[in-house]
Amino acid sequence: MSDSDLLLSMRGVCKSFGVVQANQQVDLLLKAGDILGLLGENGAGKTTLMNILFGTYQADQGSISIQGQPVEIHSSADALELGVGMVHQHFHLVPRHTVLENLMLGRPGKGGRLDQTGARDRLEEIGKHYGLKLNPDAIVSELTIGEQQRLEIIKALFRKAKILILDEPTAVLTPKESEGLFSALRALADGGMGIIFITHKLYEVREVTNRVVVMRGGAVTAVVEDPRAVTEGSLAQMMCGHELTPPEKTTSQLRDPLLKLSGISTRIPNRPFLKDVDMVVHGGEILGIAGVSGNGQRELADVIAGILPPSEGKIEVKGNTITQSSPRKMQKLKIGRIPEDRMTTGLVTTLPLFSSMVLPWINHPNFSRLGILRLKAIREFTEAMISRFGIRAIGPEVRTGTLSGGNLQKALLARELAFDPEVLLASQPTRGLDVAAADFVHRKFLELREAGAAIILISEDLEELFTLSDRIMVMYEGCVHGEQNIADASVEKIGLMMAGAEAA
Amino acid sequence: MHLRLELREHTPLWLNLALPFSAVLATLVLCSGLVALADANVIDAYSKLFLSAVSSRFNMVETFVKAAPLILTGLAVTVAFKAKFWNIGAEGQLLAGAMGAAFVGGIESLPTFSLVPLMIIFSAVCGACWALLPAVLRTRFKVDDVVTTLLLNFVIFYIMTALLDGPWKDPLSGYPDSPDIRMDAEFPILLRATRLHLGVLLSLVAAPLVWLLIRRTTLGFSISVVGENPEAAAYGGIPITRVLIYTALISGALAGLAGAGEVGGLHFQVMAGISPGYGYTGIVIAMLARLNPLGVVPAALFFAIVVTGAEAMSRATGVPVFLADVIQGTALVTMLIAQLFSTYRVRTHLSASE
């Protein structure tokens, strides 16, 4: 195949950061009509490669051709000019503006004026062609996450993108929204676009892509021409370099109830209200909480963690009623929390790792006496956690924010497990983690469960919920919409309940 | 070729030490054009500017005396900014402290030995109280602290002028100055026949103490965490409101102490011009020190040297004294740039074809 037949060819791309070789002699070819899966663990070099294509980084070596023409991409403006569009995990939208205004942003107007009607027609046309429909006058902040993502894709189409990069697009979607995305992507590919789909979810690769490039340690380790012909297991092996077996769940003995909520309601403006939530979790079990994001899971977690005082209802920990809950009080009662967003609510990216690691424990007698820090003990603790959890960091002094996502999550986990929590509240603990890191987290949860702790697992990843949970509770519009034992539950049933259907 | 910034994993010590020096050097190079414009020899002018401050015992002492209030306001701002409590009000807190010290120093009924310690304590309390107000407004009612701390400077300044024009007017001189404090309330002089007073020592001791507070205590830890990521602090069980209130109290107390030094060690009274903007200069000093309490001392000394030396330079070479202001301003800019290099490293990228 000569390069002129190809929409995109990247050849011999090398890129290093300091001593780390992020990309080594990477080749990536894309034809019109392709949906190319780019599969790899965190740190495999997928994002670096795509950032080179999108002009965020420059390659140290190698060449890029688009439609047979050698090109140089120095900035995202260059990339857009050349027809490369990218949908990032974090959207770049103006939340207070309408869909149409966001689409016209940075576009040449007509004689210095915004071209409203032109944009409107174009949007309608895209809606008809690809099933990407949006109300042009809706305010972006009122759209669902799925709709915002659709807007990002439409934005790329507005700029006449021929190549569309999607960075883990389904991480934020419900199963149904993912389906919608996949059919839109198929329509776009049929229309002659080339799509690069970054993911580490194996079933998605088999579901939607027609070719897969697997990366590991900065290099391409495999190219699979027909993803449906290979098993998920062999894809996982290509990605990790070794076989992965799902963690085995032993039957664990149900112990006394550790945490009980009854009739919990909240009324915080601009956040979903909790309405009369009852919940109980026992030692030795994992309670999964399913639900489309924004149905009160975060509020529930905040109530349990003591951040959000409920307006009504009762919280009982080990049979004692808690009045005036606070994060510190909940910590003292051995309730640990892995917050949903590790960068903003978990760790302090600008401070050294050891500061992040002892943040909730700073008043613990191991780490301070009479208000004076015991820095040596703090450093030793951090070093111990680094080695015990295999956190890749050069030492306790390293700036927290320079760690990769998987390592940040390991650090958080290490921190919360350090003083043997009896209840662990984990929100989206494996979001954005690669298979190996997620597997690590899952195994830790199961260990904890065996040791008799209670785990509340809030997740939008149904696969994760089904592998780990003993019971699954579904949240819908701030209420507990149903609950099923894992033996009776099925993805279909839970999926329906997540969408608001009554439990059968 | 492209330049890019990359976050450093951590900053080596030598770099932290070398950057301020490079910043000062860059400042001098940048300002040399102005010196040349004034028809003076650059080397001559700079040597006068920097050497006159250390040329005699008297000048050296004066430099420290000038630096003392700057060290304290610089520390005040450092503590506050660490917690991202934007205290622009060190000026007002200094005035509150000065008035407190002058008030206590004038009370006839107090026993002699208690005067100086009481002045020091009371000035700190006054400064702390004046800083407490904006802290409460921010934590209770979410009122922007930049605005309140800044505007409260003017409020207390006019309260002070009203006092000086009314009940506190010196009956002897008739000027809008407060009556002198008692002789026994004057701060002891540490070096005979100079103006090196207790307040200078206080400021020099305060710097390492504040450093210890920030680096070695749970409160200091909480201050940094609240400043860097309040959300993570809340999730981690750190009582943010309480930490902010403590921060404000400490910050205000430090600024108040600066006022005590000026009253007890130099002027022995309060007058309208008691602070030529020490509180505002403290902000620049804190930035220059990159919010490191130990860095505040050299930063304040640098400013004091430049201010003291500017007159000598002007007399000898004819370069206007305003060069001191230009140097101070430029130093802030170069230092902020240097700060960027301590957190990030610059990488050059050669694109494939080059």
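Sequence lines set the chain letters: A, B, ... in the order given, protein chains first and strands last, and positions in each chain run from 1.
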Rounding to 0.5 Å, atoms CD (B/E231) and OG1 (A/T344) come to a distance of 5.0 Å

Counting only non-hydrogen atoms closer than 4.5 Å, can you tell me which residues of residues 348-358 of chain A sit against chain B? A/V348, A/T350, A/L351, A/S355, A/V358

Cut-off 4.5 Å, heavy atoms of chain A, and the answer for B/P239 is side chain

Measure the CG-CD1 distance between A/L373 and B/I214 for me, rounded to the nearest 0.5 Å. 11.5 Å

Within 6.0 angstrom of B/L17 CG, more than 12 heavy atoms from elsewhere: yes

Check this for me: B/Y246, atom OH, are more than 12 non-hydrogen atoms of other residues, nucleotides or ligands nearer than 6.0 Å? no

Pair count under 4.5 Å, heavy atoms only, with chain B: among A/I362, A/I372, A/I64, highest is A/I362

Do the side chains of B/N229 and A/L347 get nearer than 4.5 Å, heavy atoms only? no

Just verifying a value: how many Å separate B/Y235 OH and A/D302 CG, rounded to the nearest 0.5 Å? 3.5 Å

Can you tell which of A/I307, A/T402, A/T345, A/L375 has the highest number of heavy-atom pairs within less than 4.5 Å of chain B? A/T345

Look at A/P360, A/G395, A/G371 and state which one has the largest set of heavy-atom pairs under 4.5 Å with chain B. A/G371

What part of B/R215 gets closer than 4.5 Å to chain A, counting heavy atoms only: side chain, backbone, both or neither? backbone

Going by heavy atoms in the side chains, are B/T218 and A/F367 under 4.5 Å from each other? no

What part of A/Q331 lies closer than 4.5 angstrom to a heavy atom of chain B: side chain, backbone, both or neither? side chain

Heavy-atom pair of closest approach, residues A/P327 and B/G237: CB-CA, 3.7 Å

Using heavy-atom distances under 4.5 Å, tell me whether A/T56 contacts chain B through its side chain, its backbone, both, or neither. backbone

Counting only heavy atoms from other residues, nucleotides and ligands, does the tally under 6.0 Å from CZ of A/F419 exceed 12? yes

Hey, what do you get for CD1 (B/I238) to CG (A/N363), rounding to the nearest 0.5 Å? 8.0 Å

